[in-house]
Amino acid sequence: MPLIRETIVVTENAAGDAHIAPLGLIAEGEYWIIAPFRPSATLENLRARPFATVNLTDDARVFAGCMTGRRDWPLIPLREGRPPRLAETLAHWELEVVEVREHAERPRFVCSVAAHASHAPFEGHNRAFAAVVEAAVAASRLDLLPRTEIEAEFARLKIVVAKTAGPREAEAFGWLEAKVAAHGAGDADRPRR
Ligand SMILES: Cc1cc2nc3c(=O)[nH]c(=O)nc-3n(C[C@H](O)[C@H](O)[C@H](O)COP(=O)(O)O)c2cc1C
């Protein structure tokens with residue numbers, strides 16, 4: 001079972017427009033693998049420009065925001081030809097694609113770390129942050145998972161958020177709850193595709 005780090009990945013299309021998406025990076029020795037499911041803007045961008053800027057952030061709102069139509073997070077440019085980083089991030093890595101493993105559903109972009117930098121101290125773990133990340137993953141699978149499964153997961157995570165959240169985690173969880181409610185309005189217990 002490989003280590004997976006939940007990150008915010010910034011890529012650019014051929015025109016240089018940045019795209020922000022939460023992605024789990026898979027560890028493989030000294031390399032990190034970005035594995036986007038098709039279809040994906042991140043996937044198309046990595047083919048157009050084989051670079052990614054990976055943000056290690058403790059701001060749960062970025063994870064939840066990207067899943068709820070709030071992708072407009074402030075960015076800071078890096079060196080020419082590299083995607084920008086989040087303005088508010090604890091650290092970032094500049095990745096270069098060194099190999100592409102083609103796959104019908106989920107190609108794998110194997111990346112080396114060309115540069116990295118820290119910007120703010122890590123202030124410690126928070127259960128509500130982890131709960132928001134779990135809820136964001138569930139929200140990204142609304143069309144794939146049965147509604148009952150999603151609702152049970154949210155009910156469990158809501159208890160953790162109520163007990164341990166700060167303002168950022170509480171706001172982020174609220175966005176995700178609203179998305180699930182809107183998606184399920186008038187829905188039955190069947191998986192949606
Ligand atoms: C914590 C987290 C991890 C995710 N990891 C992946 C991943 O490894 N691969 C993937 O295709 N989508 C992943 N997703 C869902 C993507 O963020 C989402 O589908 C995104 O929009 C990718 O498509 P895009 O590149 O078009 O934005 C993840 C979502 C969250 C919240």
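Counting convention: from 1, in listed order, for ligands and their atoms alike. Remember, predicted model here, so these are calculated numbers, not experimental data.
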For this session: Please confirm whether the backbone N or O of P36 pairs with a side-chain atom of S40, one donor and one acceptor, at under 3.5 Å?
Result: no

Seminar exercise, completed: Under 4.0 Å from one or more heavy atoms of M67, ligand 1 contributes atoms 16 (C), 17 (O), 18 (C)

Seminar exercise, completed: closest protein heavy atom to atom 5 (N) of ligand 1 is G24 N, 3.1 Å

Problem set entry | ligand 1 contacted by R71 (non-hydrogen, < 4.0 Å) | yes

Seminar exercise, completed: If we number the atoms of ligand 1 from 1 as shown, the ones under 4.0 Å from a heavy atom of A136 are 31 (C)

Problem set entry | Validation row, ring centre H119 to ring centre H92 under 6.0 Å | yes

Problem set entry | Whether E169 side chain and G166 backbone form a donor-acceptor pair below 3.5 Å | yes

Seminar exercise, completed: One finds that the ligand 1 atoms under 4.0 Å from a non-hydrogen atom of F37 are 10 (C), 11 (O)

For this session: Can you pull out the closest protein heavy atom to atom 3 (C) of ligand 1? Residue, atom name and distance to 0.1 Å, please.
Result: E6 OE1, 3.2 Å

Problem set entry | Cation-aromatic face contact R70/W175, 6.0 Å, 45 degrees | yes

Exercise. For the side chain of T11 and the backbone of N45, is there at least one donor-acceptor N/O pair under 3.5 Å apart?
Worked result: no

For this session: Check for a donor-acceptor pair, side chain of R5 on one end and backbone N or O of I26 on the other, with a separation under 3.5 Å.
Result: no

Problem set entry | Under-4.0 Å heavy-atom contact between protein and atom 27 (O) of ligand 1 | yes

Problem set entry | Heavy atom of the protein closest to atom 25 (O) of ligand 1 (residue, atom name, distance) | T42 OG1, 2.7 Å

Exercise. Can you list the atoms of ligand 1 that are under 4.0 Å from a heavy atom of R106?
Worked result: 7 (C), 8 (O), 9 (N)

Problem set entry | Interatomic spacing from CG in L23 to CG in L43 - rounded to 0.5 Å | 10.0 Å

Exercise. Can you tell me if T164 uses its side chain to pair, donor with acceptor, with the backbone of V161 under 3.5 Å?
Worked result: no

Problem set entry | Those atoms of ligand 1 less than 4.0 Å from some heavy atom in V137 | 1 (C), 2 (C), 30 (C), 31 (C)

Problem set entry | N or O contact, A41 vs ligand 1, cut-off under 3.5 Å | yes

Exercise. Atom CG of L142 and atom CD of E149: how far apart are they, to the nearest 0.5 Å?
Worked result: 11.5 Å

Problem set entry | Minimum non-hydrogen distance to atom 14 (N) of ligand 1, winning option of S40, A21, A35, P22 | P22

For this session: Indicate yes or no: does an N/O atom of S140 lie under 3.5 Å from an N/O atom of ligand 1?
Result: no

For this session: Look up atom CZ in F129 and atom OG1 in T57, then write down how far apart they are to the nearest 0.5 Å.
Result: 6.5 Å

Problem set entry | Atom indices of ligand 1 within 4.0 angstrom of V133 heavy atoms, with elements | 1 (C)

Exercise. Can you tell me the protein heavy atom closest to atom 10 (C) of ligand 1 and the distance?
Worked result: L23 CD2, 3.6 Å

